[in-house]
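Please read the structure below before turning to the comments.
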Protein chains: 2
Amino acid sequence: MRIGELSRRTGVPTRLLRYYEEQDLLHPERADNGYRAYGEAAVRDVQQIRGLLDSGLTTEMIRTILPYLSAPEEILLPPQHLTPETAALLEAHVDRIQARIDCLARNRDRLSGYLAAVRAEAGRP
Amino acid sequence: MRIGELSRRTGVPTRLLRYYEEQDLLHPERADNGYRAYGEAAVRDVQQIRGLLDSGLTTEMIRTILPYLSAPEEILLPPQHLTPETAALLEAHVDRIQARIDCLARNRDRLSGYLAAVRAEAGRP
DNA sequence: CCTTGCCTTCACACTGATGTGAAGGTCCGA
DNA sequence: TCGGACCTTCACATCAGTGTGAAGGCAAGG
């Protein structure tokens, strides 16, 4: 599919799809006339990228981990391509992600705890 | 305490402490000579702000939720200051935070699942 | 053939978070 | 009284993620 259709199907402006390619997150083929040609998988990839960007990851982090995320459990990348250095890097990323999760969960709890307290107060004044 | 000490105790450059004030996240007193005067609580506040920024929240989101986070469960803000609109806004923020958590947790699982698979493969070739 | 709509690259601009430095006021200890 | 360490504001610079528009190539339909 071409960039316009991918944009419509994902809700992401073509400008950003080109930017993600420039950032090495997407790798569409090219038709003879130079048009970008995306496969079906690109839809999921783009949604994945958006989710991670919205969650505060940088394009650099996403570029690193994306190859190990695109496959839904079955089509794992051959592990021979995974040097110990890369594995360590991925583990570091897992740790950073975990730290974010912890921070967010902690504050979500505080926030919703506060809201619950206020509601209880309001119901029984 | 003055800005230099707060910077040393939190590891956050003074430039950023001034920026957070400009963004209405910190509200230090001023001494007669114009120097910023921070209370002890500022240390926790700054760490809170850093954690949330590192977790991908914007200063705007942080500005909104910070008043409801600074207190560690006991010193809740009086609920009469909480209009229904504000409550709704806070709930929306909770939802956004939850969405981030879900996205991050999902991808953390994929990533660490992949790493585990590779390790299993390596241990039993 | 010409219009319409899609595509291409290039480029300028904004915002948010940050780095860095200049120019100057304050305070304390030698 | 001077020097150094601190503080002040102001301002320009950078990076990432976007918006926006110009200038032009390609394709399909009336």
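Note on naming: letters A, B, ... go to the chains in the order of the sequence lines (proteins, then strands), and numbering restarts at 1 for each one.
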Nearest whole angstrom, please: distance from the [atom2] of [N] to the [atom1] of [X].
| X | N | atom1 | atom2 | value |
| --- | --- | --- | --- | --- |
| A:Leu53 | C:dG16 | CG | P | 18 Å |
| B:Glu22 | C:dT15 | CD | P | 13 Å |
| A:Arg8 | C:dG5 | CZ | C1' | 10 Å |
| B:Asp24 | C:dG16 | CG | C1' | 16 Å |
| B:Leu16 | C:dG16 | CG | P | 15 Å |
| B:Glu29 | D:dC7 | CD | C1' | 17 Å |
| B:Asp32 | D:dC6 | CG | P | 21 Å |
| B:Leu17 | D:dT9 | CG | P | 13 Å |

### Query
So which one's nearest nucleotide on DNA chain C is more toward 5', B:Gln23 or A:Ile3?
A:Ile3

Contact under 4.0 Å: [X] side-chain N or O vs [N] OP1/OP2:
| X | N | result |
| --- | --- | --- |
| B:Tyr19 | C:dA17 | yes |
| A:Thr59 | D:dG17 | yes |
| A:Arg18 | D:dT20 | no |
| A:Arg36 | C:dT8 | yes |
| A:Thr58 | D:dG17 | no |
| A:Tyr20 | D:dT18 | yes |

### Task
Find which nucleotide of DNA chain D each of A:Pro13 and A:Asn33 is nearest to by heavy atoms, and output the residue with the more 5' nucleotide.
A:Pro13

### Query
For DNA chain D, whose closest nucleotide is more 5', that of B:Gly34 or that of A:Leu57?
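Between the two, 5'-proximity favours B:Gly34.
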
### Message
Just to verify, which of B:Ile49, B:Leu25, B:Val46 counts as forming a side-chain contact (heavy atoms from CB on, under 4.5 Å) with B:Leu17?
### Response
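So, applying the side-chain contact (heavy atoms from CB on, under 4.5 Å) to B:Leu17 and each of B:Ile49, B:Leu25, B:Val46, only B:Val46 qualifies.
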
### Task
Compare the minimum distances between each of D:dC6, C:dG19, C:dT8 and the side chain of B:Tyr35, then state the nucleotide with the smallest one.
D:dC6

### Query
So what does B:Arg2 hit on the nucleic acid, given a heavy-atom distance under 4.0 Å: a base, only sugar-phosphate, or nothing?
sugar-phosphate

### Message
Would the base of D:dT20 count as contacting A:Arg15 through its side chain, where contact means a donor and an acceptor less than 3.5 Å apart?
### Response
yes

### Task
Kindly indicate, with the supporting measurements, whether the criterion side-chain hydrogen bond (donor to acceptor under 3.5 Å, both in side chains) is fulfilled by A:Arg50 and A:Tyr20.
CA-CA 10 Å; A:Arg50 289 299 326 174; A:Tyr20 297 154; 2.7 Å; yes

### Task
Answer yes if the side chains of B:Glu60 and B:Thr58 hold a donor-acceptor pair under 3.5 Å, and no otherwise.
no

#### Entry: Under-4.0 Å salt bridge between A:Arg36 and A:Glu22
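Salt bridge absent between A:Arg36 and A:Glu22.
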
### Task
Compare every heavy atom of B:Val12 with every heavy atom of B:Ser7, then report the nearest pair and how far apart it is.
OG-O, 2.7 Å

